[in-house]
Amino acid sequence: MEERTYVEAARREKRAALEAAGVPAFAYRYDRSHSVAGARALYRDDMEDQGPVVALAGRIASLRSQGKTAFLDLEDGSAKIQLYLRRDELGEHYQILDHLDLDDHIGVTGRLFRTKRGELSVRPSEVTLLAKSLRPLPRGKTQSSEGGAVTFGGLADAEVRYRQRYADLAVHPEVREVFRQRARAVTWIRRFLDEREFLEVETPILQPLYGGAAARPFVTHHNALDMPLYLRIADELYLKRLLVGGLERVYEIGHDFRNEGMDRTHNPEFTMLELYQAYADYSDMMALTEALLAGVIEHVLGSRTLERSGLSLDFTPPFRRVSFIDGIRERCGLDLRTASEEEMRGVLIELGEPADAVRAMGGAKLQDEVFKVVLEPQLVQPTFVLDYPKPLSPLAKEHRSDPALTERFELFVGGRELANAFSELNDPDDQRRRFEDQVRQRAAGNEEAHAFDADYIRALEYGMPPAGGMGLGIDRLMMVIADQPSIRDVILYPAMRPEEG
RNA sequence: GCGCCGCUAGCUCAAUUGGCAGAGCAAGUGACUCUUAAUCACUAGGUUGUAGGUUCGAUUCCUACGCGGCGCACCA
């Protein structure tokens, strides 16, 4: 499949030499006494060269051979530590050293001590090869200096980083840390919801009828049933059916799939949290969202205030609130409840939007565009945008004080949408009319309009309790928490074209 | 889908108006018992993303294609 390089050939020769001498290149196990970080924590300066004996395992991250001694850096999942190998102390074990390479996994047992230069190190009495690395990692060299660490070489190509995430992770501890943060965040969110008596559930990913969002789906085919199935674009409609069934608080954390463009904030599959709470409305959802976000950020980062590209984002509740209608009216004078399409187009063109694109828009799309251009870029601090026009929100309940609006909010941070919530529409007759409107839009060419979901209407007819629901994009949350510019940096295996065209 | 940029040794990058494709690190051999970008000497390592074209001669200029990055479009 790929030609072997001279570097790899050299490693394979060493493997052969080791095996010829009866040393297995790929061992079965090694009894570690500590992680590297754990071992480092054991040592105190008054121990001098009589530190405790530890058994460690990890990769060779650096190798400085010096004739009858050698210094290696051993790196495991937790940290690095220097090894000091001496021919006169290792006997036969020293032979292995001639056939070790950077990136090999080894196990060592020895005493902790500090070198003359002050580096905490292990002085092994035994070295065991655990797994040979036959292909060199794209490792950089780092030199620590006053100005911080400088790296020479290394893995810089973003394409290789995403395609070979294993190599990216192996050489970049900071990338490993991003995904540890992600796991900590998701675990904390589950605990937060579990404590509030939310039930974690799983709903279908393969669906005969997709809905719950405006998006184009992936289509697949079930052979035995000989029918098309869609990968879900949202969990919403299945979760709300559970409220009808008496599961009063439910949530799901899982992948949604949208067959759309990819960029630094969109991956075709992404992780969503959706939750629904019976007998609550969108005001309750706002309070819940504030508590959840402030809590998870504080848990992962230790602070509710983040410094991000020179400005500080403060997640201390309550978040700012701005009304969709008022916010736009204050910025450009348009009242979207009464403005004509021509007025909206005029404002957009005046603000520099391409005229032909604007003329092609109408209805809900046009309102949405006005919001995106006029208001969205202003929403840097965590901000709830409240009360969206009805045509934009076919699953949200009509506003209790304005029939042109819905009780809905979206949360924006850094100009990007992070969460979306509403008082859930539970009047089956109203929902039926909204679906019918969607069907008309679909017939008029809007590929993203909802299909008519008769089973969902039937469920609502049994009586769904009033409820608040909220969806939170986990990937985008992680971009904020881990301070990563691209969604690909918070997804282990982002979507890529195949390597061979 | 459109535009711009990138693709050269295992890795990171050079290469004058088109004129023998180079360096650092990694690798191999040798020296070296406290190094940490270890050091020193020597050696090897390339179908310059792919396919065409122009030219005496192409990493360089042209066309197409592939993959990627960024921007736009698309996308609650």
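Scope of the values below: all heavy atoms of this structure, side chains included, with no hydrogens, waters or symmetry mates.
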- From the list C67(B), G10(B), A38(B), which nucleotide is the closest neighbour of the side chain of Q66(A)? A38(B)

- Item | Separation between the C1' atoms of U35(B) and A23(B), rounded to whole Å | 26 Å

- Considering only atom C1', compute the distance from C13(B) to G30(B) and round it to an integer number of Å. 30 Å

- Query: For the base of G28(B), is there a side-chain donor-acceptor partner from Y6(A) under 3.5 Å away?
  - Reply: no

- Would you indicate which nucleotide in C34(B), C11(B), C67(B) comes nearest to any side-chain atom of E159(A)? C67(B)

- Task: Ignoring backbone atoms, establish whether S62(A) has a side-chain N or O less than 4.0 Å from OP1 or OP2 of A38(B).
- Result: yes

- Message: Distance alone, cut at 3.5 Å: any donor-acceptor contact between the side chains of H399(A) and T406(A)?
- Response: no

- Message: Looking only at the side chain of R264(A) (C-beta and beyond, no hydrogens), which of the listed nucleotides C75(B), C34(B), C70(B) gets closest?
- Response: C70(B)

- Under 3.5 Å side-chain donor-acceptor pair for T265(A) and R416(A): no

- Query: Hey, does R11(A) reach any base, or is it just sugar-phosphate, or nothing, if we go heavy atoms under 4.0 Å?
  - Reply: nothing

- Return yes if the base of U36(B) and the side-chain atoms of R117(A) contain a donor-acceptor N/O pair under 3.5 Å, otherwise no. no

- Task: Using a cut-off of 6.0 Å, state whether more than 12 heavy atoms not belonging to R64(A) lie near its atom CZ.
- Result: yes

- Query: Which nucleotide in the set C75(B), C34(B), U35(B) lies at the smallest distance from any side-chain heavy atom of Q82(A)?
  - Reply: U35(B)

- Query: Can you tell me if Y388(A) and E410(A) form a side-chain donor-acceptor pair at under 3.5 Å?
  - Reply: yes

- Write down the distance separating the P atoms in U54(B) and U63(B), rounded off to the nearest Å. 15 Å

- Query: Looking only at atom C1', what distance separates A9(B) and C61(B), rounded to whole Å?
  - Reply: 25 Å

- Task: Look at all strands and tell whether N420(A) reaches a base, only sugar-phosphate, or nothing, counting heavy atoms closer than 4.0 Å.
- Result: base

- Taking all non-hydrogen atoms of both residues into account, name the closest pair between G212(A) and L237(A) and its distance. N-CD1, 3.9 Å

- Considering just the side-chain nitrogens and oxygens of R87(A), establish if one lies under 4.0 Å of OP1 or OP2 belonging to U33(B). no

- Message: Applying a 4.0 Å non-hydrogen cut-off, can you work out what R416(A) is touching in the nucleic acid: base, sugar-phosphate, or nothing?
- Response: nothing

- Item | Sugar-phosphate only, base, or nothing, as touched by D263(A) at under 4.0 Å among non-hydrogen atoms | base

- Item | Options A26(B), G68(B), U35(B), nucleotide nearest the side-chain atoms of V7(A) | A26(B)

- Within this structure, what is the CG-to-C1' distance between L97(A) and U35(B), rounded to whole angstrom? 13 Å

- Is it true that R114(A) and D45(A) make a salt bridge, defined as a side-chain N closer than 4.0 Å to a carboxylate O? yes

- Query: OP1, OP2 of A31(B) versus side-chain N and O of K68(A): anything below 4.0 Å?
  - Reply: no

- Query: Below 4.0 angstrom, N of the basic side chain to O of the carboxylate: do R176(A) and E75(A) qualify?
  - Reply: yes

- Task: When you get a sec, tell me which of C34(B), U36(B), G68(B) is the closest nucleotide to the side chain of E119(A)?
- Result: U36(B)

- In terms of the nearest nucleotide of RNA chain B, which residue is placed more toward the 5' end: L100(A) or T69(A)? L100(A)

- The residue, R258(A) or L63(A), whose nearest nucleotide of RNA chain B is more 5′ is L63(A)

- Any R139(A) side-chain N or O less than 4.0 Å from OP1/OP2 of A26(B): no

- Interatomic distance at P, G49(B) relative to G10(B), whole Å: 13 Å

- Only counting residues at least two apart or in another chain, list the ones meeting side chain to side chain donor-acceptor pair (under 3.5 Å) with E89(A). R86(A), R123(A)

- Task: Using both pair distances under 3.5 Å as the test, note the stems of at least 3 consecutive Watson-Crick or G-U pairs that include RNA chain B.
- Result: B:1-7 with B:66-72, B:10-13 with B:22-25, B:27-31 with B:39-43, B:49-53 with B:61-65

- So what does S393(A) touch, heavy atoms closer than 4.0 Å: a base, only the sugar-phosphate, or nothing? nothing

- Item | Listed nucleotide nearest any side-chain atom of K14(A), set G68(B), C34(B), A27(B) | A27(B)

- Taking only side-chain nitrogens and oxygens of R161(A), does any of them come within less than 4.0 Å of OP1 or OP2 of G69(B)? no

- A64(B) versus G3(B) - spacing of their P atoms, nearest Å: 10 Å

- Item | Y94(A) OH to U33(B) P, straight-line distance once rounded to whole Å | 9 Å

- Task: Sticking with atom C1', work out how far U8(B) lies from A58(B), rounded to a whole angstrom.
- Result: 14 Å

- Task: Describe the nucleic acid contact of R114(A) in one word from base, sugar-phosphate, nothing, applying a heavy-atom distance below 4.0 Å.
- Result: nothing

- Integer-rounded Å distance: A73(B) P and L348(A) CG: 12 Å

- Task: Would you kindly give the CZ-to-P distance between F71(A) and U39(B), to the nearest whole Å?
- Result: 14 Å

- Query: Expressed in whole Å, how much space separates the C1' atoms belonging to C74(B) and G57(B)?
  - Reply: 47 Å

- Query: Cation over ring, R241(A) on Y238(A), under 6.0 Å and within 45°?
  - Reply: yes

- If only side-chain N and O atoms of R64(A) are considered, is one of them under 4.0 Å from the OP1 or OP2 phosphate oxygen of A38(B)? yes

- Message: Under a 4.0 Å threshold between the charged nitrogen and the carboxylate oxygen, would D103(A) count as salt-bridged to R59(A)?
- Response: no

- Task: Select one nucleotide: of C34(B), C67(B), C11(B), the one nearest the side-chain heavy atoms of P138(A).
- Result: C11(B)

